[in-house]
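Below is a structure I'd like to ask you about.
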Amino acid sequence: MLKTRDLHEVPELFQLLISPKVFPFVRHKAATSDEYYFITKKTIEEESNGSLISRTILDEYEHPIGTINLFDIKNNYGFLATWIGEPYFGKGYNKLAKELFLNELFFDNDTIQTVFMKVRRTNTRSAKAALKLPFVVNGKELFPDIYFAINQIEDVYDLFVIPKELYISCTQFIQESAASVDGEEAS
């Protein structure tokens, strides 16, 4: 479902990226396929430098359908950004990709403690997706400094937060609940 980024996926991803329902909400916009090659190459280089983590989201046939990224990594936190191509909207890929990515961040990476999501208030699709996740909390009051920093120029973003502890607790609770439903004793 997730893989490290590479340049071979650029043509397929670019075709999904330029959709009018995707393009306005993507952090790294590219007007041409060549420009998207350059952005992807830069992303791969930045990951090797530790300033971001980026993965390609794949469908069940291992075709690239979007990307998920942790940008601006510093002080044990980063900003999550995900986009999925329009043909894959509403099929559960976003939720599954976030869970796989967060597992990697929180269980395989010892440094990330908090994941922020800044969502444009006009992007109702992303806001609804964020609020469906049981481990997401509103960050405006918990992290007012970050909230005001992302809205410094213009007040257009909501801030959501995924604390590592809450994510781990929710994950364990869901696993225990599933084990109980299956007839096993939860511990």
Side-chain angles (χ1 to χ4, degrees), residues 1-106 108-109 111-112 114-127 129-130 146 149-154 156-162:
M1 182 82 196
L2 298 181
K3 66 179 267 319
T4 56
R5 302 290 303 277
D6 71 56
L7 295 175
H8 299 292
E9 64 209 15
V10 167
E12 286 179 87
L13 287 174
F14 179 72
Q15 289 306 311
L16 296 170
L17 174 82
I18 59 175
S19 163
K21 292 188 178 180
V22 175
F23 191 80
F25 304 108
V26 174
R27 180 176 179 156
H28 291 137
K29 296 173 180 13
T32 66
S33 183
D34 287 343
E35 189 178 352
Y36 197 58
Y37 270 107
F38 176 78
I39 289 169
T40 303
K41 186 176 185 305
K42 186 177 177 197
T43 297
I44 292 167
E45 290 169 0
E46 287 180 19
E47 180 160 7
S48 68
N49 295 333
S51 61
L52 64 81
I53 300 169
S54 184
R55 300 290 177 264
T56 300
I57 302 168
L58 304 173
D59 68 7
E60 58 274 13
Y61 305 107
E62 298 188 8
H63 296 139
I65 63 169
T67 69
I68 187 164
N69 308 279
L70 191 68
F71 291 109
D72 305 327
I73 297 173
K74 62 182 174 187
N75 301 326
N76 299 330
Y77 70 81
F79 285 86
L80 183 71
T82 306
W83 70 266
I84 291 182
E86 184 180 355
Y88 304 95
F89 287 177
K91 297 183 179 180
Y93 291 111
N94 187 18
K95 182 177 185 235
L96 184 56
K98 278 186 173 67
E99 289 171 0
L100 291 170
F101 193 62
L102 291 169
N103 281 342
E104 179 180 341
L105 295 177
F106 291 142
D108 299 340
N109 182 327
T111 59
I112 303 299
T114 306
V115 172
F116 294 105
M117 294 185 293
K118 68 178 190 178
V119 177
R120 284 187 184 277
R121 291 193 187 100
T122 57
N123 189 350
T124 55
R125 179 180 307 280
S126 289
I146 293 184
I150 64 172
N151 287 300
Q152 187 174 353
I153 297 172
E154 189 178 358
V156 295
Y157 295 104
D158 285 323
L159 179 67
F160 299 99
V161 182
I162 304 168

_Any pair counted as salt bridge (Lys or Arg N to Asp or Glu O under 4.0 Å), so long as it reaches residues 59-83, sequence neighbours left out_ =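 Of all non-adjacent pairs touching residues 59-83, those that pass salt bridge (Lys or Arg N to Asp or Glu O under 4.0 Å) are Arg27-Asp72.
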*How far apart are the C-alpha atoms of Leu58 and Ile65, what are their side-chain angles, what is the distance that settles it, and do they pass the side chain to side chain contact (heavy atoms under 4.5 Å, CB included) test?*
CA-CA 6 Å; Leu58 304 173; Ile65 63 169; 5.9 Å; no
*Among all residues two or more places apart in sequence or in another chain, which pass the side chain to side chain donor-acceptor pair (under 3.5 Å) test with Asn151?*
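Testing Asn151 for side chain to side chain donor-acceptor pair (under 3.5 Å), a comparison that skips the adjacent residues, returns none.
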*Set of salt bridge (charged side-chain N to carboxylate O under 4.0 Å, His left out) partners for Arg5, sequence neighbours left out*: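 Listed in chain order: Glu9.
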*Could you walk me through whether Ile68 and Ser54 pass the side chain to side chain contact (heavy atoms under 4.5 Å, CB included) test, one step at a time?*
CA-CA 6 Å; Ile68 187 164; Ser54 184; over 6 Å; no
*Can you pull the ring-ring contact (aromatic ring centres under 6.0 Å, His included) pairs that have at least one residue in residues 11-70, sequence neighbours excluded?*
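Listed by first then second residue: His28-Phe71.
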*Considering only heavy atoms from C-beta outward, does the side chain of Asn69 approach that of Ile53 to under 4.5 Å?*
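Asn69 does not reach Ile53 side chain to side chain.
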*Should we say atom NZ of Lys41 is surrounded by more than 12 heavy atoms from elsewhere, each under 6.0 Å from it?*
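Open.
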*asked:* Please evaluate residues Val26 and Leu17 with respect to the criterion side chain to side chain contact (heavy atoms under 4.5 Å, CB included), reporting the C-alpha separation (whole Å), side-chain torsions for both, the decisive distance (0.1 Å), and the verdict.
replied: CA-CA 8 Å; Val26 174; Leu17 174 82; 3.4 Å; yes
*Mark yes or no for whether Ser48, through its side chain, and Glu45, through its backbone, hold a donor-acceptor pair below 3.5 Å.*
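Checked: pair present.
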*When rounded to the nearest 0.5 angstrom, what is the spacing between CG in Leu70 and CG in Asn109?*
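Separation between the atoms: 8.5 Å.
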*Output all residues satisfying side chain to side chain contact (heavy atoms under 4.5 Å, CB included) with Leu102, sequence neighbours left out; order by chain, then residue number.*
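By the side chain to side chain contact (heavy atoms under 4.5 Å, CB included) rule, Leu102 matches Leu105, Phe106, Val115, Phe135, Ile162, Tyr167.
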*Does the side chain of Pro64 reach to within under 4.5 Å of the side chain of Ile57, using non-hydrogen atoms?*
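The answer is no; the side chains never approach within 4.5 Å.
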*If you measure from CG on Asn75 to OG1 on Thr111, what distance do you get to the nearest 0.5 Å?*
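It is 11.0 Å, given to the nearest 0.5 Å.
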*Can you list the residues that meet the salt bridge (charged side-chain N to carboxylate O under 4.0 Å, His left out) rule with Glu35, with sequence neighbours excluded?*
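Residues passing salt bridge (charged side-chain N to carboxylate O under 4.0 Å, His left out) with Glu35: none at all.
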_Ile150 backbone acceptor or donor facing Lys118 side chain under 3.5 Å_ =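 No; zero donor-acceptor contacts below 3.5 Å.
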*Under a 4.5 Å cut-off applied to non-hydrogen side-chain atoms, are Leu80 and Phe101 in contact?*
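Leu80 vs Phe101: side chains touch.
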_Distance (rounded to the nearest 0.5 Å) between Ser126 OG and Met117 CE_ =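 Answer for the OG-CE pair, Ser126 versus Met117, is 9.0 Å.
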*Assess the pair Phe116 and Tyr77: is the distance between their ring centroids shorter than 6.0 Å?*
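So the answer is yes for these two rings.
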*Tell me, with the steps shown, if Val161 and Thr114 meet side chain to side chain contact (heavy atoms under 4.5 Å, CB included).*
CA-CA 7 Å; Val161 182; Thr114 306; 3.6 Å; yes
_Show the nearest heavy-atom pair for residues Asp6 and Lys3, with the distance to one decimal._
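So the two residues come closest at OD2-NZ, 2.7 Å.
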*Can you sort out the partners of Tyr157 under ring pair (Phe, Tyr, Trp, His ring centres under 6.0 Å), two or more places apart, ordered by chain and number?*
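With neighbours one apart ignored, the set is empty.
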*Side-chain heavy atoms of Thr56 within contact of Leu2, under 4.5 Å*: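 No. Closest side-chain heavy atoms not under 4.5 Å.
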*Point-to-point distance, once rounded to the nearest 0.5 Å, from OG1 of Thr40 to CG of Leu13*: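 Interatomic distance, Thr40 OG1 to Leu13 CG, rounded to 0.5 Å: 7.0 Å.
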*Which atom pair, heavy atoms only, marks the closest approach of Pro24 to Ser19?*
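Here Pro24 and Ser19 meet closest at CD-O, 4.2 Å.
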*Applying ring pair (Phe, Tyr, Trp, His ring centres under 6.0 Å), name anything that partners Tyr93, two or more places apart in sequence or on another chain.*
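Ring pair (Phe, Tyr, Trp, His ring centres under 6.0 Å) list for Tyr93, sorted by chain: Tyr88.
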*Would you please name every residue forming a salt bridge (charged side-chain N to carboxylate O under 4.0 Å, His left out) with Glu104, sequence neighbours left out?*
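Partners of Glu104 by the salt bridge (charged side-chain N to carboxylate O under 4.0 Å, His left out) criterion, ordered by chain and then number, come out as Arg55.
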*Any residue meeting salt bridge (charged side-chain N to carboxylate O under 4.0 Å, His left out) with Asp34, in chain and number order, not counting sequence neighbours*: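 If we apply the salt bridge (charged side-chain N to carboxylate O under 4.0 Å, His left out) test to Asp34, skipping adjacent residues, there are no hits.
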*asked:* Restricting to non-hydrogen atoms, name the atom on Ala30 and the atom on Ile39 that form the minimum distance, rounded to 0.1 Å.
replied: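 Scanning both residues, the minimum pair turns out to be CB-CD1, 3.8 Å.
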*How far apart are the closest heavy atoms of Trp83 and Val22, and which atoms are they?*
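So the two residues come closest at CE3-CG1, 3.6 Å.
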*Can you pull the salt bridge (Lys or Arg N to Asp or Glu O under 4.0 Å) pairs that have at least one residue in residues 78-100, sequence neighbours excluded?*
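Sorted pair list: Lys21-Glu86, Lys95-Glu99.
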*asked:* Return the CG to CE distance between Leu100 and Met1, rounded to the nearest 0.5 Å.
replied: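 Rounded to the nearest 0.5 Å, the CG-CE separation comes out at 6.5 Å.
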*Would you mind reporting whether Leu16 and Pro87 have side-chain heavy atoms less than 4.5 Å apart?*
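With C-beta onward as the side chain, the pair touches.
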*Can you sort out the partners of Ser51 under side chain to side chain donor-acceptor pair (under 3.5 Å), two or more places apart, ordered by chain and number?*
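Checked Ser51 against side chain to side chain donor-acceptor pair (under 3.5 Å); zero matches.
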